[in-house]
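As the structure is a prediction and not an experimental result, all values here were calculated from the model.
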Amino acid sequence: MLFGFVLMMIMRWQLAYPDTPVPFIGGLLSEDKLLSPDMYNAFGAMHGTIMIFLGVVPILVGAFGNYVVPLQIGAPDMAFPKLNMASYWVYFVGGIVMFASFFMEGGPAASGWTMYPPLSIIAENGETVWLLGMVFLITSSLLGSMNIIVTIVQLRPEGLTWMRLPFFVWAQLVTSFLLVLAFPPLEAAAVLQIMDRIAETSFFMPSGLVVGGEVVDVAGGGSPLLWQHLFWFLAHPEVYVLILPGMGIVAEVVANNTRKPLWGYKALVYSVVFLGFMSFIVWAHHMFLTGMGQAMSAFFQTTTMIISIPSVIILSALLISLWGGSIRFNTPMLFALGWMPMFGIGGLTGLPLGLAPTDIPLHDTYYVIGHFHYVVAPGSIFAIFAGIYYWFPKMTGHKLNESLGKVHFYFSFIFMNGIFMPMFIQGLAGVSRRLADGGASYAHALEVLQWNEFMSYSAWFLGLAQIPFIINIVLTILKKRDENAERNPWKSTTIEWNAAPSPPIAHGNFDKELTVYRGPCEYSVPGANKDFSPQTEK
Amino acid sequence: MIEFLGKLSNHLGFPVMSSSHGQEIDYMNGWVHWLMLILFVGWGIFFMYTLIRFRSGANPKANYKGVTSHINQYAEYGVILIEAILLIGFAYPIWAKVKTSVPSVDNNTIEVRVVSQQFAWNIHYPGADGKFGDTSAELVDEETNPIGLDRNSPNAKDDITTINQLHLPVNKQAMIYLSSKDVIHSFSLPEMRVKQDAIPGMTIPVFFTPTMTSEEFLNVIKGTAREGMGYEISCAQLCGNSHYRMRGYMTIHESNGYENWLAEQAEELLEEEGDDWGDDDDW
Amino acid sequence: MIEIPYNVKPRQETGLYNAKLGIWLFLASEVMLFGGLFSAYVLLRVGSPVWPPGGEAQLNIPLATINTFNLILSSWTIVKSWIALKENDFKGFKTYMGITLLCSLIFLVIKYFEYSAKLHHGIFPSTDNFYGIYFTLTGLHGLHVIGGLIVNFYLWGPGKKMWKSEPERFTNRVEVSGLYWHFVDLVWIFLFPTLYLL
Ligand code: HEA
Ligand code: HEA
Ligand code: CUA
Ligand SMILES: [Cu+2]
């Protein structure tokens with residue numbers, strides 16, 4: 001059942017995927033004028049929303065979280081299987097609602113994924129639908145992450161103490177807490193904005209607005225910034241939701257393919273917990289230029305710099321883990337290795353954005369777009385790929401084809417950089433984001449305009465580079481079920497590979513009750529008779 | 001040394017810098033990018049070296065312990081230290097200087113109101129009396145009076161308004177009172193290193209001192225792709241369908257040139273008043 | 001097939017059974033939800049020169065006071081109903097849970113009268129931000145009351161057959177529902193002074 005659940009989720013995303021062509025052709029579409037500016041805005045907003053709320057989060061938390069976590073902690077199932085179904089269906093409805101908005105009069109929401117009022121309040125109906133869709137997606141995430149937390153806290157078998165949890169499980173635990181605590185304020189904000197749109201309240205509408213020559217007829221007295229605070233209070237933790245499970249996957253893959261323990265496991269765990277905690281108090285670094293006072297800006301700059309430290313520690317620990325290993329370059333490992341410098345670039349470019357003065361020339365330019373795509377596209381997406389290649393044998397009993405996998409990796413790596421590296425060049429030159437013509441109207445953009453074409457071609461080729469991946473998946477799924485499939489093709493130490501057949505038993509996952517004897521990545525233990533010592537082996 | 005390090009900003013591709021505070025912001029960007037560069041290159045070398053040296057072909061048996069030295073910890077402390085210096089030494093004071101400690105207005109300060117709307121920048125000068133006339137939302141007429149200026153209010157007679165044309169003198173402090181009529185826009189002058197969101201319901205002071213006239217600027221950019229195109233105001237916040245072309249123009253004059261321009265505008269205003277501008281039955 | 005552990009009995013290390021941990025997490029998220037709304041209220045209020053923006057607020061304090069006591073009473077009775085189950089007294093459960101249900105219904109009826117009186121006087125959420133937040137907060141709280149009412153009604157009515165098959169699990173359900181109900185009650189205890197008195 002879980003397996004079907006995961007597949008369905010992935011299918012949903014593949015359905016979602018064709019609806020995001022705009023990013024691919026960002027610059028191009030506007031050159032051939034096929035896409036009107038309002039459609040561009042709508043596509044941009046929906047691209048962001050879909051990628052984050054319908055793409056990466058459901059895959060990292062919904063699919064990997066629900067599938068891998070119980071297996072890795074040796075639990076027969078999630079703590080609340082029914083809640084899981086509920087979460088899935090609520091998510092499904094939310095997805096449908098979001099997509100439905102494409103067919104509505106006035107089109108889907110077009111005020112960016114950030115939906116800043118008053119623009120979003122005076123906008124077309126699509127906005128209301130977006131808000132409704134969000135309420136469903138939020139509810140779904142809430143249910144899902146409660147389930148994950150309870151599962152991790154309650155269902156560990158004997159001997160699996162906190163410090164013996166695989167790092168991936170820790171990452172999921174922190175992520176779930178972020179979702180449980182950060183999403184509700186956005187839900188509150190969505191409720192308020194729905195009220196503004198439907199009941200004509202003016203929570204976000206100040207007095208005396210004049211739109212298109214007409215005085216807006218509302219009571220007024222509201223604050224547009226209120227929305228931004230509520231939105232970013234979610235949306236900053238949300239970005240760590242996008243990356244923490246990714247870090248977890250990378251850590252698993254790295255430990256497995258260096259054949260040695262993770263370096264600084266404890267430091268990794270403390271850092272990720274600290275990161276989760278800090279992520280609640282940095283939100284206003286997205287709002288430096290809203291007219292923020294000295295005390296506020298000092299506070300949020302400081303917290304932002306502080307939060308970069310655990311990231312540095314995590315990345316360093318992962319890098320150092322490589323030292324002394326016996327590194328196998330298989331596809332999951334390639335994606336994990338590719339992830340490191342890419343996340344490094346994304347993270348490092350967060351620093352000038354996090355210092356308010358240096359953010360002045362960079363805010364809302366393509367530099368920001370470059371920053372976060374490095375962390376989410378070669379970041380989260382590479383981690384997702386690493387995870388898919390790594391756990392695919394668990395789901396189907398067959399490894400994915402290595403040659404196709406390598407083609408997929410190398411081309412993806414090249415073209416990802418081809419898309420996102422020029423964004424920094426454009427951003428430094430001052431080109432604003434969300435411009436329907438890619439900046440052609442502005443003189444200061446002229447010098448860097450030629451990059452648009454390059455980026456668009458890269459994006460198209462990146463699309464092509466996914467073809468080997470899809471072929472790979474299809475071919476492998478079609479392969480005959482092999483009754484004696486190897487349980488542990490990666491020679492891994494963690495529970496999911498050692499105590500359960502692949503794919504796992506439909507009910508209960510494991511054939512027998514488990515006891516855990518050691519930490520998660522005991523590879524190459526001196527004196528052991530093989531180079532991995534499974535957690536469940538005495 | 002510090003300055004030399006800051007000069008990295010010259011190679012980052014920022015637009016020509018033309019304001020008095022811009023240098024500090026640029027330098028700071030230079031330093032931050034050095035930090036980024038060093039971290040990236042440092043770790044990058046370690047990364048590549050490790051990958052080659054410890055590939056399974058060359059190192060079939062992994063070492064359980066791995067790294068035992070503490071060099072990485074010193075590196076991390078180093079990062080913390082540099083970030084602390086950047087914060088306390090530069091980020092707080094620069095932010096205070098360019099954003100929050102609003103200077104007092106004296107005779108040498110040019111005061112202007114900028115009212116943004118979908119999709120234009122309305123510029124409002126106080127005129128000879130140095131005082132802004134009253135405005136009100138009810139008086140707004142998109143054709144003739146986009147900011148709803150009440151010409152009958154005491155200080156409004158000599159007020160000058162333009163659309164998308166901001167004129168300022170060089171080397172004098174400009175004090176811009178930024179507001180918005182409808183949605184959130186963002187007032188961005190890339191060359192001045194000025195950017196500020198215009199939030200409806202709020203009036204936010206934006207201040208800077210231009211150091212380069214438009215004429216000089218046009219000289220500097222000769223031979224680049226934007227040759228012949230002067231300063232512009234760009235909108236950096238999504239504000240609707242035509243956000244992408246919400247473009248304004250800025251001209252920085254020699255101080256004489258500025259006075260002349262003001263005088264010209266005042267004259268035009270008088271001429272208009274000659275016919276029916278400002279009559280009661282106009283509104 | 002391995003069963004999901006700690007569904008009924010608490011895990012020793014945490015002292016909680018699964019659903020209890022689940023409801024605590026859910027309540028944490030609810031705290032954040034109402035916390036978000038309360039901070040929105042505070043911000044709007046601080047940002048407004050006079051509060052309420054339209055002068056004197058016309059809220060019915062006596063009715064709201066009755067409702068406050070009404071909810072506190074129901075919180076107490078739901079605890080009693082759980083204790084009754086613990087002591088194997090199913091009848092007691094039926095009675096106390098019945099009173100709880102009655103209280104929630106009365107609460108909703110009173111709320112209905114309050115709302116209709118407002119609307120009758122031409123006061124809508126759009127009137128000003130005070131009424132906007134009043135309707136939003138009490139409305140959302142009302143939805144929570146309805147949610148609790150439905151669950152409690154289920155436990156009292158069709159769900160009670162579980163008492164026969166798995167009495168311990170049923171008792172746990174009542175406890176969990178009770179925890180939720182306390183929360184709903186608590187929200188009102190915050191709402192009442194913030195909206196009606198301050
Ligand atoms: C996964 C998502 C993710 C992650 C992890 C981050 C991480 C960080 N982000 Fe980012 N951010 C976004 C997603 C993310 N961000 C998004 C989506 C937006 C835009 C939203 C919008 O406006 O639409 C945004 C915008 C954004 C802004 C607002 C910019 C603006 O609008 O003006 C700021 C400002 O402070 C910021 C800062 C940071 C910082 C300091 C980090 C830090 O956590 C980074 C810390 C990491 C490091 C410092 C790296 C360490 C590197 C090394 C140790 C070198 C290693 C080298 C090799 C391996 C070779 N981000
Ligand atoms: C998780 C988040 C995420 C991801 C992954 C991406 C991925 C990409 N984004 Fe996106 N983007 C955003 C989040 C994301 N984006 C957000 C939040 C915004 C801001 C919106 C706003 O302004 O409001 C934005 C805006 C944005 C812009 C700026 C628009 C503007 O400001 O005008 C551009 C422009 O080029 C762009 C391009 C791209 C490209 C080329 C990719 C490519 O990397 C895409 C590559 C994708 C893949 C390689 C996926 C391959 C997957 C499959 C083939 C499916 C198979 C899967 C399984 C079997 C499981 N994005
Ligand atoms: Cu105005 Cu964008
Ligand atoms: Cu952030």
- Item | Minimum side-chain heavy-atom gap B:Leu87-A:Leu355 below 4.5 Å | yes
- Message: If I compare all heavy atoms of B:Gln237 with all of A:Asp364, which pair ends up nearest, and what's the gap?
- Response: NE2-OD2, 3.3 Å
- Name the option with the most non-hydrogen atom pairs under 4.5 Å to chain B; the candidates are A:Asp531, A:Ile121, A:Val525. A:Val525
- Leading residue by heavy atom contact count with chain B [cutoff under 4.5 Å; candidates A:Ser524, A:Ser432, A:Ser207, A:Pro224]: A:Ser524
- OG1 of A:Thr358 to NE2 of B:His33: how many Å apart, nearest 0.5 Å? 8.5 Å
- Between B:Glu191 and A:His444, is any side-chain donor less than 3.5 angstrom from a side-chain acceptor? no
- Query: Can you name the side-chain contact (heavy atoms from CB on, under 4.5 Å) partners of A:Glu447, sequence neighbours left out?
  - Reply: B:Thr224, B:Ala225, B:Arg226
- Query: In terms of heavy-atom pairs under 4.5 Å, which option from A:Thr290, A:Thr365, A:Leu225 contacts chain B the most?
  - Reply: A:Thr290
- Message: As an exercise, state the distance from CZ of A:Phe424 to CG of B:Leu12, rounded to the nearest 0.5 Å.
- Response: 12.0 Å
- Query: How long is the gap from CE on A:Met292 to CH2 on B:Trp95, to the nearest 0.5 Å?
  - Reply: 7.5 Å
- Considering all heavy atoms of both residues, which atom of A:Gln301 and which atom of B:Tyr92 are nearest to each other, and what is their separation? NE2-CD2, 4.2 Å
- Message: Let's test your reading of the structure: which of A:Gly430, A:Pro261, A:Gly344, A:Gly439 forms the most heavy-atom pairs below 4.5 Å with chain B?
- Response: A:Pro261
- Message: How long is the straight-line distance from CG of A:Leu322 back to OG1 of B:Thr50, given to the nearest 0.5 Å?
- Response: 6.0 Å
- Query: So what's closer than 4.5 Å to chain B heavy atoms on A:Gln228: side chain, backbone, both or neither?
  - Reply: side chain
- What distance separates B:Leu86 CG from A:Met305 CE, expressed to the nearest 0.5 Å? 8.0 Å
